Amino acid sequence: MANFSLDGKVALVTGASYGIGFAIASGYAQAGATIVFNDINQDLVNKGLAAYKAEGINAHGYVCDVTNEDQVNAMVAQIEKEVGVIDILVNNAGIIKRIPMHEMKASEFRQVIDIDLNGPFIVAKAVIPSMMKKGTGKIINICSMMSELGRETVSAYAAAKGGLKMLTRNIASEYGEYNIQCNGLGPGYIATPQTAPLREIQADGSRHPFDQFIIAKTPAARWGTPDDLVGPAVFLASEASNFVNGHVLYVDGGILAYIGKQP
Ligand code: NAP
Ligand code: GCO
């Protein structure tokens with residue numbers, strides 16, 4: 001039977017005070033891993049530590065901006081000293097800006113690319129040397145429907161997530177011989193703070209038009225929840241996926257397979 005256990009493993013999940021990262025880290029803890037996470041400021045880290053504690057998880061939290069290479073390198077060194085070598089990295093931290101491209105400032109485009117693509121590069125680069133020495137490692141990049149599809153107003157995010165898919169394949173190619181597997185996890189439309197604006201109830205009490213659109217585009221006819229991602233994330237972090245490399249596992253309720261319900 002394949003080994004889905006994470007016993008004895010140290011998992012770093014970036015941006016995991018809440019949302020998808022928090023759900024994945026909580027699932028990893030249930031599978032036996034020691035949880036380490038970062039967020040952008042101490043308030044968020046404290047919020048995350050309290051939330052993990054409420055789940056019975058003794059997590060380790062660090063303040064770190066994933067776009068700042070000095071902060072990332074210092075955090076990884078501190079984790080290795082205080083907790084242990086990082087066995088599993090989930091590059092989860094990310095933002096989105098929904099602005100028509102012709103109205104988007106170059107600085108706004110750069111900020112999304114910096115957090116959603118440069119950040120995963122910086123953090124993966126920081127953890128790979130110890131994984132090479134250990135002769136094992138798992139890197140999971142949180143991709144998106146926008147790794148495959150475009151839509152209005154999300155040009156920077158789609159460019160970043162498309163790039164993240166190829167960064168995933170390149171890390172898999174370059175480090176597979178060190179028994180490091182790098183895969184993507186591609187959530188569909190998930191109910192988190194990041195998508196809350198797309199689900200707001202309208203003044204007349206009706207559902208947001210985009211909410212209705214996604215329901216029609218999803219065979220499962222529902223938004224995903226962060227918990228829908230936990231099983232696939234545990235699989236990609238466990239020995240059960242040791243021959244899965246450079247793959248993006250879409251957890252989207254079938255969106256990418258479906259033309260959409262006829263109006
Ligand atoms: P979220 O609720 O906005 O959480 C993102 C987390 O990342 C927040 O804690 C955020 O902190 C943190 N973060 C942002 N910039 C950071 C930085 N520079 N350094 C460190 N942490 C930073 O997002 P989510 O919905 O859970 O999404 C998590 C990941 O899944 C993202 O990569 C997102 O693109 C991806 N994703 C989401 C969906 C979806 O439908 N929700 C679908 C596909 C993919 P702040 O609170 O300060 O922003
Ligand atoms: C959007 C949404 C999506 C989701 C996710 C889909 O505005 O289209 O925010 O981008 O966040 O990435 O997989």
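Order of listing sets the numbers, starting from 1, for every ligand and every atom in it. Keep in mind the model is a prediction, meaning the values are calculated, not measured. Note: hydrogens, waters and symmetry copies are ignored here, and every other heavy atom, side chains too, is used.
Atom numbering of ligand 2 starts at 1 in the shown order; those under 4.0 Å from a heavy atom of Arg151 are 1 (C), 7 (O), 8 (O). Of all atoms in ligand 2, numbered sequentially from 1 with element shown, those under 4.0 Å from a heavy atom of Met146 are 10 (O). For ligand 2 and Tyr157, the ligand atoms under 4.0 Å from any heavy atom of the residue are 5 (C), 10 (O), 11 (O), 12 (O). Contact atoms of ligand 2 toward Gly188: 5 (C), 6 (C), 13 (O) (distance under 4.0 Å to a heavy atom of the residue). Atom numbering of ligand 2 starts at 1 in the shown order; those under 4.0 Å from a heavy atom of Ser144 are 5 (C), 6 (C), 12 (O), 13 (O). Near Met145, meaning under 4.0 Å from any of its heavy atoms, are these atoms of ligand 2: 6 (C), 13 (O).
With Leu185 as reference, Ile142 is the one residue of Val90, Ile142, Thr168 to meet the side-chain contact (heavy atoms from CB on, under 4.5 Å) rule.
Scanning Tyr189, Tyr250, Phe210 for the heavy atom closest to atom 3 (C) of ligand 2 points to Tyr189.
The main-chain N or O of Thr67 is never found under 3.5 Å from a side-chain atom of Asn118 such that the two would form a donor-acceptor pair. Between the side chain of Asp116 and the backbone N or O of Ala160, no donor-acceptor pair lies under 3.5 Å.
The distance criterion of under 3.5 Å between nitrogen or oxygen atoms is not met by Leu198 with respect to ligand 2. Considering backbone and side-chain atoms alike, Gln194 places an N or O below 3.5 Å from some N or O of ligand 2.
The closest side-chain donor-acceptor pair between Ser130 and Glu80 falls under 3.5 angstrom. Residues Ser206 and Asp204 have side chains that bring a donor and an acceptor to within less than 3.5 angstrom of each other.
Using a 4.5 Å cut-off on side-chain heavy atoms (C-beta onward), Tyr175 and Cys182 make no contact. Within the 4.5 Å cutoff, the side chain of Ile20 has heavy atoms near those of the Asn92 side chain.
Cation-pi contact between Lys9 and Tyr28: absent, since separation from the ring centre below 6.0 Å together with deviation from the ring axis within 45° is not met.
Contact residues for ligand 1 (protein heavy atom closer than 4.0 angstrom to any ligand atom): Gly15, Tyr18, Gly19, Ile20, Asn38, Asp39, Ile40, Leu44, Cys64, Asp65, Val66, Asn92, Ala93, Gly94, Ile95, Ile115, Ile142, Cys143, Tyr157, Lys161, Pro187, Gly188, Tyr189, Ile190, Thr192, Pro193, Gln194, Thr195.
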Under 3.5 Å donor-acceptor pairs involving side-chain atoms of residues 103-110, not counting sequence neighbours:
{"unit_1": "Glu108", "atom_1": "OE1", "unit_2": "Lys105", "atom_2": "N", "d": "2.8"}

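Counting heavy atoms under 4.0 Å from ligand 2, residue Arg98 touches it through the side chain alone.
Counting non-hydrogen atoms of other residues, nucleotides and ligands closer than 6.0 Å to CD of Glu152 gives a total of 12 or fewer.
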request  = Show your working on side chain to side chain donor-acceptor pair (under 3.5 Å) between Thr218 and Arg222 and close with a plain yes or no.
outcome  = CA-CA 7 Å; Thr218 309; Arg222 67 173 176 88; over 6 Å; no
